[in-house]
Amino acid sequence: MSKKILIANRGEIALRALRACRELGLKTVSVYSEIDKDLKHLKFSDETVCIGPAIPAESYLNVPSILSAAELTEVDAIYPGYGFLAENPDFAEQCDKSGFKFIGPNSDTIRKMGDKITAKAFVSKFNIPIVPGYSDDLPEDDEQLKTIVNNIGYPVIIKATAGGGGRGMRIVEAEDELLSTIDITMQEAGNAFGNNKIYIEKFIENPRHIEVQIVGDGKGNAIHLGTRDCSMQRRHQKIIEEAPALDIDSQNLQNILDSCVNLCKEINYEGVGTLEFLYENKNFYFIEMNTRIQVEHPVTEMITGFDIVKAQLRIALDLGITLNQDEISFNGHAIECRINAEDPETLQPSPGVISKMHTAGGFGIRYDSHIYGGYYVPPFYDSLLAKIITQANTRKSAIKRMISALDEFFVEGIKTNQPLHQDILNDKKFIENEHTINYLEKEFLKLK
Ligand code: MV4
């Protein structure tokens with residue numbers, strides 16, 4: 001009998017998961033909030049269940065409501081996607097305890113990686129380089145603390161152990177701001193996360209953001225799917241991502257990839273995951289591990305031909321990983337542009353009805369989106385409308401293909417960041433792959 005999956009998400013990733021389920025012959029249950037009744041994937045779902053009002057806390061974050069829907073429809077497993085409950089260890093635990101397989105790593109692994117101090121200590125045991133710093137309890141004596149930080153060397157960054165993705169961190173340029181910045185960061189972390197524990201790292205000033213995609217079957221088999229470069233970002237929101245990361249020291253890279261795979265094997269990692277690194281002066285520094293599918297997974301799929309979402313489902317259903325590492329090959333280059341509903345001037349979200357639209361298409365072009373003409377973009381959720389992905393033999397030809405794809409794509413009725421993409425794709429520094437995580441905010445947008 002065919003298994004049934006509950007898709008506990010919305011938008012493009014819900015549609016992406018639904019398509020993967022259908023290819024695998026799995027039945028689907030899609031849950032949605034009241035305002036989301038017109039979402040595209042609901043039209044293709046075997047069953048749909050409304051789980052509450054638009055506000056996320058009462059629907060997509062409402063665990064009892066989601067578990068009730070799972071019970072009502074008798075699903076076998078729950079697909080969390082990204083955001084919402086995807087990295088909530090308590091949710092993963094409750095799913096499993098209620099008899100629904102959580103599609104992802106076990107709750108202990110999610111919890112371990114959710115605490116950034118624990119995560120750092122853990123990965124460093126597997127020969128993965130971390131940012132130098134201080135993660136122990138702070139000494140009572142302020143002078144002792146200052147000595148510790150002097151030894152790390154300014155500037156440093158104070159991070160909340162419960163933070164991540166850019167939340168709960170502050171830079172300290174010099175000793176006179178150290179104690180006050182630690183106090184503020186602790187206070188904010190306590191308020192935001194209910195955990196005021198902090199750690200200190202050397203601030204890496206101008207790195208690239210490189211990440212490694214891994215896949216584990218939960219039984220000691222694991223592979224990597226290479227790297228992505230996500231340096232083109234603004235306020236911790238990635239704008240453009242690509243695979244593979246180029247101009248990386250090859251010896252260092254191979255060691256990192258091997259260590260990441262080894263870690264997954266050793267801990268019987270189950271599902272897909274991403275290890276995030278800062279990369280500067282040929283050195284990698286681990287910062288965080290994500291235990292979920294990522295928005296930018298398509299660029300990796302486009303250069304490997306490996307269906308990462310299907311792998312998530314197969315692994316959860318105990319069907320294993322179909323390929324060995326030596327059967328994974330990397331083909332050319334892929335780029336993804338995230339099209340967001342936002343005002344290009346104010347950079348504020350721009351909800352509303354899409355009166356008219358046209359997608360991009362053609363050879364080497366992939367389009368992942370849930371939007372359509374007449375669709376109302378609600379203001380309650382993140383502003384991602386569409387992902388346009390191009391693949392070609394080289395980075396430069398993938399960029400050219402993207403420029404042409406963006407010329408074709410149009411959305412009328414709401415504002416989008418499409419003009420920003422068109423500008424970046426024609427920017428010399430981007431074309432030459434010379435940008436870092438600071439480029440968009442500190443140079444590119446300031447010049448405009
Ligand atoms: C850093 C850093 C520099 N040095 N840690 C931001 C998000 C979170 N994942 C960690 N982040 C950073 N950690 C040290 N020791 C700079 C950032 C950072 C960043 C990292 C990746 C992608 C974009 C970024 C934008 C600003 C800051």
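This one's a predicted model, so the numbers in the text were calculated from it and none came from an experiment. Every number for a ligand or one of its atoms is a count from 1 in the order of the listing.
Counting heavy atoms under 4.0 Å from ligand 1, residue Ile204 touches it through both backbone and side chain. Residue contacts with ligand 1, taken as heavy atom pairs separated by less than 4.0 Å, do not involve Asn438 at all.
Counting protein heavy atoms only, atom 17 (C) of ligand 1 is closest to Met169 CE, 4.0 Å. When only non-hydrogen protein atoms are considered, atom 25 (C) of ligand 1 lies nearest to Gln233 NE2, 3.4 Å. Counting only heavy atoms of the protein, atom 8 (C) of ligand 1 lies nearest to Glu288 OE2, 3.2 Å. Here the protein heavy atom with the shortest distance to atom 26 (C) of ligand 1 is His236 CE1, 3.3 Å. Gly166 N, 3.2 Å is the protein heavy atom nearest to atom 7 (C) of ligand 1. Nearest to atom 2 (C) of ligand 1 among the protein's heavy atoms is Leu278 CD1, 3.5 Å. The protein atom (non-hydrogen) at minimum distance from atom 22 (C) of ligand 1 is His209 ND1, 3.4 Å.
Residue-ligand proximity, Glu276 to ligand 1, at heavy-atom distances under 4.0 Å covers atoms 9 (N). Ligand 1 places these atoms under 4.0 Å from at least one heavy atom of Lys202: 4 (N), 14 (C), 15 (N). Near Lys159, with a cut-off below 4.0 Å to any heavy atom, the atoms of ligand 1 are 1 (C), 5 (N), 10 (C), 13 (N), 14 (C). When each atom of ligand 1 is checked for a heavy atom of Ile287 under 4.0 Å away, the hits are 9 (N), 10 (C). Under a 4.0 Å criterion applied to the non-hydrogen atoms of Val131, ligand 1 contributes the atoms 15 (N). Within ligand 1, the atoms closer than 4.0 Å to a non-hydrogen atom of Glu201 are 5 (N), 14 (C), 15 (N), numbered from 1 in the order shown.
Here the options are His297, Glu296, Arg292, Gln294, the test is side chain to side chain donor-acceptor pair (under 3.5 Å), and the partner is Thr274; only Gln294 passes. Of the candidates Glu12, Gln237, Glu241, Glu241 is the only one forming a side chain to side chain donor-acceptor pair (under 3.5 Å) with Arg338. No option in Tyr375, Tyr381, Tyr32 other than Tyr375 meets the ring-ring contact (aromatic ring centres under 6.0 Å, His included) test with His370.
Cation-pi contact between Lys112 and Phe122: present, with separation from the ring centre below 6.0 Å and deviation from the ring axis of at most 45°.
For the pair Thr304 (side chain) and Leu225 (backbone), a donor-acceptor distance under 3.5 Å is absent. The backbone N or O of Ala398 lies less than 3.5 Å from a partner atom in the side chain of Thr390, making a donor-acceptor pair.
For the residue pair Asp90/Gln94, the side-chain donor-acceptor check at 3.5 Å is not satisfied. Inspection of the Asn151 and Tyr134 side chains reveals no N or O donor paired with an N or O acceptor under 3.5 Å.
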Start with the C-alpha distance between Arg170 and Glu188, add both sets of side-chain angles, then the distance that settles salt bridge (charged side-chain N to carboxylate O under 4.0 Å, His left out), and finish with yes or no.
CA-CA 11 Å; Arg170 274 163 187 271; Glu188 284 180 347; 2.9 Å; yes

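Summarising the contacts of atom 19 (C) of ligand 1 with Asn206, Ile200, Val156, Ile437, the nearest heavy atom is found in Ile437.
Residue pairs meeting the ring-ring contact (aromatic ring centres under 6.0 Å, His included) criterion with at least one member in residues 419-442, sequence neighbours excluded: Phe430-His435.
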